[in-house]
Amino acid sequence: MARLIDGKAVAAELREGLKARCAGLAARGITPGLAVILVGDDLASRIYVRNKERACASVGIHTRTFRFPAETEMGALKAQIDALNADDSFDGILLQLPLPQGLCADELLERIAPEKDVDGFHPLNFGKLALGLGGKTPCTPAGCMELLRRAGVEIAGKEAVVIGRSRLVGKPTALLLQAADATVTLCHSHTRDLAAHTRRADILIAAAGKAGLVTGEMIKPGAAVIDVGINRMPDGTLCGDVEFSSAEPVAGAITPVPGGVGPMTIAMLLKATIDAAEERRG
Ligand code: NAD
């Protein structure tokens, strides 16, 4: 039976540390600030933004959401980003994705000042990550790494397999694992015989967005399995990319969905905002 990697508990522990860091900054008259840009009224995005606002408040980060209707033009969004880049009260700027059709996320993400890019999506930060030069790291991959470390999973020298190559999750996670000295295989929708790869994995990260893609017989006995997927089932419940019932008896350690990577993503966003405040304000 696998050990459960409890993302909720790890995130709560992390938040306590972040609260203390915020209090330290407050004593110097500094309140870290996060600006969120939300365009359109996608329900999931609205829920994510509300959760982020609450999480920020719980550790002492000042947050404000700038809301725009779906038909907003690029010019207005660029002007908003420029204003936030110049606004000293905000250390982090987050553009909530996905954007409504017709808007170019790449152009807007590139407009965010790299030092305020708490999501780590700016090409400069992504390039630094690829080159192993530090920089800001996307929050979900950072959360996966933190979960592995806190669960005591050894990474150096291990075989790591990542399913999914998006720039939000799969690709940066593969880069982080590589930087931590794992031997990394990156699988995607064109991969032939996915199971042949996953069965070799000491560390398996599933981020495809396909419910039940990974079953127990695809997992190496004793492997650490991190399930990033969030899939809504017809009955309204959430499940990951890993079939938990068949995977859990085989894996050595496993994250649940919900309660695994999800809470870590927000905790890492809070951390990135406080890091940015400390970097910017000395
Ligand atoms: P995406 O759709 O951008 O990318 C999916 C990737 O999976 C692609 O690279 C694709 O090639 C690959 N893929 C799809 N089907 C595959 C298959 N059958 N075999 C192998 N590879 C396959 O998605 P994303 O933004 O990277 O998100 C992935 C999942 O993670 C989604 O379920 C999303 O909701 C979830 N997610 C969770 C969090 C969190 O905080 N827990 C954060 C971001 C995304």
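As the structure lists them, so they are numbered: ligands from 1, and atoms in each ligand from 1.
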Would you mind checking which non-hydrogen protein atom is closest to [atom], with the distance to 0.1 Å?
{"atom": "atom 24 (P) of ligand 1", "value": "S166 OG, 3.6 Å"}
{"atom": "atom 35 (C) of ligand 1", "value": "V228 O, 3.4 Å"}
{"atom": "atom 27 (O) of ligand 1", "value": "V169 CG2, 4.2 Å"}
{"atom": "atom 25 (O) of ligand 1", "value": "L168 CD2, 3.4 Å"}
{"atom": "atom 31 (C) of ligand 1", "value": "G209 CA, 3.6 Å"}
{"atom": "atom 6 (C) of ligand 1", "value": "G164 CA, 3.6 Å"}
{"atom": "atom 2 (O) of ligand 1", "value": "A208 O, 4.6 Å"}

(request) Mark the output for L213 as yes if a heavy-atom distance to ligand 1 is under 4.0 Å, and as no if none is. (result) yes
(request) Say whether I230, considering both its backbone and side-chain N or O atoms, lies within less than 3.5 Å of an N or O atom on ligand 1. (result) yes
(request) Report yes if some N/O of S189 lies less than 3.5 Å from some N/O of ligand 1; otherwise report no. (result) yes
(request) For V153, check side-chain contact (heavy atoms from CB on, under 4.5 Å) against everything at least two apart and list the hits. (result) L148, A151, I203, A224
By number and element, which atoms of ligand 1 are closer than 4.0 Å to a non-hydrogen atom of [X]?
{"X": "I163", "result": "20 (C), 21 (N)"}
{"X": "T265", "result": "39 (C), 40 (O)"}
{"X": "A207", "result": "5 (C), 6 (C), 7 (O), 28 (C)"}

(message) So, applying side chain to side chain contact (heavy atoms under 4.5 Å, CB included) with F90, which one of T273, L84, N85 is it?
(response) L84
(request) Indicate yes or no: at least one non-hydrogen side-chain atom of L34 is less than 4.5 angstrom from one of L269. (result) yes
(request) Kindly write out the residues that satisfy salt bridge (charged side-chain N to carboxylate O under 4.0 Å, His left out) with R111, not counting sequence neighbours, or none if the list is empty. (result) D82
(message) Regarding atom 9 (O) of ligand 1: of the candidates R165, M268, R167, which has the closest heavy atom?
(response) R165
(request) For a salt bridge (Lys or Arg N to Asp or Glu O under 4.0 Å) with E13, tell me which candidate from K8, K19, R150 qualifies. (result) R150
(request) For K271 and E146, run salt bridge (Lys or Arg N to Asp or Glu O under 4.0 Å): C-alpha distance rounded to whole Å, both residues' side-chain angles, the deciding distance at 0.1 Å, then the answer. (result) CA-CA 12 Å; K271 178 179 178 297; E146 191 68 28; over 6 Å; no
(message) If we check side-chain hydrogen bond (donor to acceptor under 3.5 Å, both in side chains) with N125, which of these qualifies: D119, T137, D117?
(response) D117
